Asks: 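Just passing along the structure, written as structure tokens.
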Amino acid sequence: MLEQAVIYTFVALVLIGGILAAFSRQILYVIIGLGISLLGLAGLFLNLGSPFVAAMQVLIYIGGITVAIVFAMMLSIAMSIRPPDPNPQKLGFAIACAVIFFGAVAHLIRGAQFQQIASPASEKAWSVGALGHALLTHYNVVFEALSLVLLLAIIGAILIARRALPKENS
Amino acid sequence: MTLESYLLVGAALFSLGLIGALSHRNLIALLIGIELMMNAASLNLMAFNRFVVTDPTTGQIFVLIIIGLAAAEVAIFLSIILRIYRAYHDIDAEKLTKLSG
Amino acid sequence: MKTDIVQLFENPYLALGVSIAIIMAYLSVNAIMLIWLERKLSARIQRRIGPQRGPFGLMQQIFDMGKLLSKELLTPEHANKLLYVIAPILVFAPVVALSSLFPITSTYIFHDFNIAIVLILAISGINVIGIFLAGWGSNNKYALLGAVRSVAQNISYEIPLILSVIPIVMITRTMSLYDITLAQETYPFILVQPIALIIFIISATAETNRAPFDIPEAESELVAGFHTEYSGMRFGLFFFAEYSNMIFACALATVLFLGGWRGPLLPDAVWFFIKVYALIVLMMWFRWTFPRLRFDQLMKFAWVVLVPLSLINLLITTLVLKIV
């Protein structure tokens with residue numbers, strides 16, 4: 001019974017964070033909404049059987065990406081001090097799109113019949129060891145490609161944000 | 001919770017991210033909307049991983065790759081935002097219209 | 001053989017309540033004792049005597065606690081009330097949550113996770129957000145500057161911290177703290193990974209904002225950094241969080257590098273605490289020996305010295321493990 005309450009708490013965190021992030025005018029509240037939503041999502045991942053992915057979500061998203069977004073907000077502070085007035089037509093159009101999308105997907109989910117497996121796989125298949133083994137044997141190429149993408153992203157980010165050297169005439 | 005409820009939560013999060021991405025003027029809020037949409041997709045994948053898939057490492061690795069790619073994308077997006085701020089001193093999406101027309 | 005606290009009290013919710021109570025009690029007493037230790041140690045290092053009221057100056061702590069508790073809780077006028085109040089909780093909560101993972105004795109532990117190290121590194125990343133909210137919510141430019149510097153310092157030193165823990169995981173092939181302590185049967189890992197221990201202690205000192213890396217909260221630099229506007233017990237909570245973080249980092253270092261509860265004659269728990277407090281005395285010794293680093297020196301040290309060093313250490317460990 002308490003487990004159900006905990007699961008619903010995590011779902012509530014996800015949705016409250018999403019609402020904060022979608023409708024706030026102050027940029028710091030949008031970022032806090034993202035943080036709350038990611039925390040709730042980590043709880044849901046834990047409930048879906050994988051504590052490792054939940055820990056990675058907290059480590060990378062909350063510890064890394066949210067902090068980086070906070071830094072970018074600090075460095076581009078002009079717009080965060082005086083938030084602009086919302087444009088009601090834009091907000092109305094966005095809400096209409098979202099409602100149509102949600103309606104379509106909910107209809108699809110209601111009508112679909114998924115081939116669910118009878119019981120979850122063994123304890124060994126869900127362990128971190130199995131994950132590591134799969135990452136280095138079956139999904140080897142994806143792993144290496146991801147590390148290459150991250151390297152390129154770091155180099156690209158440094159190059160784009162670099163201040164022009166005084167010797168260049170641009 | 002059943003598979004359908006997880007998928008509905010994922011769809012709700014995706015639509016909230018869509019509202020955020022379409023209606024905000026601040027570029028950082030736009031980025032956050034896109035991040036919420038990616039997270040909704042990973043929630044869907046983890047739900048299918050638990051209820052439908054026989055080998056559970058597939059979904060987990062998929063979600064880890066999505067998290068890694070989101071990190072790379074945020075890095076590039078933020079450095080572009082910094083560059084734009086340095087050039088125009090403003091990150092309002094409605095004012096940055098130099099390429100249009 | 002180990003006994004979980006959950007196996008001890010059959011009901012898991014009762015076990016949860018008892019473990020929270022034990023940890024909070026221990027951390028409170030510990031913070032008070034560490035403030036006294038710091039004052040006495042700093043006094044002796046500076047060739048003076050330090051607090052003298054009561055035996056060894058211990059009564060001074062009681063008066064200090066009374067002073068902190070009786071101070072008025074001022075809130076600045078235009079501060080963002082919600083963020084201002086939530087920030088100390090966010091800085092303090094991860095430490096309390098994670099303190100139950102340490103194996104203090106060989107037979108009775110709180111709980112044993114098989115991904116303990118990843119959990120520790122992940123949840124201690126939430127401190128950073130708390131520090132930023134404290135700075136922003138205070139509506140004070142000095143607090144904000146201190147908060148931004150502290151966040152930059154924290155995320156820069158997180159990388160050598162994580163990279164110095166990974167060789168240990170590679171050697172023992174497990175991420176559970178209990179199994180890592182068991183694996184140090186013949187020799188503690190300080191003999192195999194001395195550089196990793198040095199990098200870990202330096203990064204931990206920087207992560208907890210202790211000298212010589214205490215630019216964000218230095219008294220002579222930025223008024224008081226991100227906790228400028230906090231008074232009374234809220235300030236006490238930040239202080240409490242800092243000392244709890246210190247003991248957390250030292251406990252992690254003893255479990256990973258010094259062999260946890262192993263030792264010849266005394267019981268397990270006593271050896272664990274002897275090692276933890278020895279490392280804390282080392283961290284306090286740093287504070288009163290080294291001058292404070294300037295902020296750009298601090299960042300340069302992290303990125304130019306520590307990160308390559310920890311990467312080279314990781315590479316050498318991989319090669320040795322593969323070849324030997």
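Quick note on labels: first sequence line is chain A, next is B, and so on, each numbered from 1. Bear in mind that the values here come from a model prediction, so they are computed numbers and not experimental data.
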Asks: Who among A:V149, A:I65, A:T66 has the most heavy-atom pairs with chain B under 4.5 Å?
Replies: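 Most heavy-atom pairs under 4.5 Å with chain B: A:I65.
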Asks: Check A:A125 against B:P56 and note the closest heavy-atom contact, atom names and distance.
Replies: O-CG, 3.6 Å
Asks: Is A:L15 in contact with chain B via its backbone, its side chain, both, or neither, using a 4.5 Å heavy-atom distance?
Replies: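 Both backbone and side chain.
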Asks: Whether the side chain of B:N44 engages the backbone of B:G10 through a donor-acceptor N/O pair (distance < 3.5 Å, no angle test) should be reported.
Replies: no
Asks: What part of A:I31 gets within 4.5 angstrom of chain B, counting heavy atoms only: side chain, backbone, both, or neither?
Replies: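 The answer is both parts of A:I31.
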Asks: If you take all heavy atoms of A:R162 and B:R86, which pair is closest and at what distance?
Replies: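 Of all heavy-atom pairs spanning A:R162 and B:R86, the closest is O-NH1, 3.6 Å.
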Asks: Take B:L69 and B:I65 through the test side chain to side chain contact (heavy atoms under 4.5 Å, CB included) and record every step on the way to the result.
Replies: CA-CA 6 Å; B:L69 285 176; B:I65 305 281; 4.2 Å; yes
Asks: Below 4.5 Å from any heavy atom of chain B, which atoms of A:V11 appear? Answer side chain, backbone, both or neither.
Replies: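 For A:V11, side-chain heavy atoms alone lie under 4.5 Å from chain B.
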Asks: Would you mind checking which part of B:L31 comes under 4.5 Å of any heavy atom in chain A, side chain (CB onward), backbone (N, CA, C, O), both or neither?
Replies: side chain
Asks: Heavy-atom distance under 4.5 Å to chain A: side chain of B:L82, backbone, both or neither?
Replies: side chain
Asks: Please find the pair of heavy atoms, one from A:A161 and one from B:S79, that lie closest to each other, and give the distance.
Replies: CB-CB, 3.8 Å
Asks: Compute the centroid of each ring, for B:F14 and then for A:F101, and state whether the two points are separated by less than 6.0 Å.
Replies: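 B:F14 vs A:F101: aromatic centres under 6.0 Å.
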Asks: Answer with side chain, backbone, both or neither: which region of A:F71 has an atom nearer than 4.5 Å to a non-hydrogen atom of chain B?
Replies: neither
Asks: Please look at B:V63 and chain A and tell me whether the side chain, the backbone, both or neither of the residue comes under 4.5 angstrom of a heavy atom of that chain.
Replies: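 Only the side chain of B:V63 comes within 4.5 Å of chain A.
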Asks: Below 4.5 Å, heavy-atom pairs only: which of A:A145, A:S50, A:G156 has the largest tally toward chain B?
Replies: A:S50
Asks: Chain B heavy atoms under 4.5 Å from A:Q57: which part of the residue, side chain, backbone, both or neither?
Replies: both
Asks: With a 4.5 angstrom heavy-atom cut-off, is it the side chain or the backbone of A:V14 that approaches chain B, or both, or neither?
Replies: both
Asks: Go through the atoms of B:S5 and report whether side chain, backbone, both or neither lie under 4.5 Å from a heavy atom of chain A.
Replies: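 Interface part for B:S5: neither.
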Asks: Which bit of A:I19 comes within less than 4.5 Å of chain B, counting heavy atoms only: side chain, backbone, both or neither?
Replies: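 Interface part for A:I19: both.
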Asks: Is it the side chain or the backbone of B:A70 that comes within 4.5 Å of chain A heavy atoms, both, or neither?
Replies: both
Asks: Please classify the contact between A:S24 and chain B as side chain, backbone, both or neither, with a heavy-atom cut-off of under 4.5 Å.
Replies: backbone
Asks: Under a 4.5 Å heavy-atom cut-off, does chain B meet the side chain of A:I7, its backbone, both or neither?
Replies: side chain
Asks: Between the side chain of B:N39 and the main-chain N/O of B:E35, is any donor-acceptor distance below 3.5 Å?
Replies: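 Between the backbone of B:E35 and the side chain of B:N39 there is a qualifying donor-acceptor contact (under 3.5 Å).
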Asks: Where is the tightest heavy-atom contact between B:A11 and A:V105, given as atom of each residue plus distance?
Replies: CB-CG1, 3.7 Å
Asks: Which of the residues A:L38, A:V99, A:I109, A:L150 is involved in the greatest number of heavy-atom pairs with chain B at under 4.5 angstrom?
Replies: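 Looking at each option in turn, the highest pair count goes to A:I109.
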Asks: Do you know which two heavy atoms are closest between A:V30 and A:A21, and how far apart they sit?
Replies: CG1-O, 3.5 Å
Asks: Closest approach of B:H24 and A:K90, non-hydrogen atoms and distance?
Replies: O-NZ, 4.1 Å
Asks: What part of B:Y6 gets closer than 4.5 Å to chain A, counting heavy atoms only: side chain, backbone, both or neither?
Replies: side chain
Asks: With only heavy atoms counted, which part of A:L146 is less than 4.5 Å from chain B, the side chain, the backbone, both or neither?
Replies: side chain
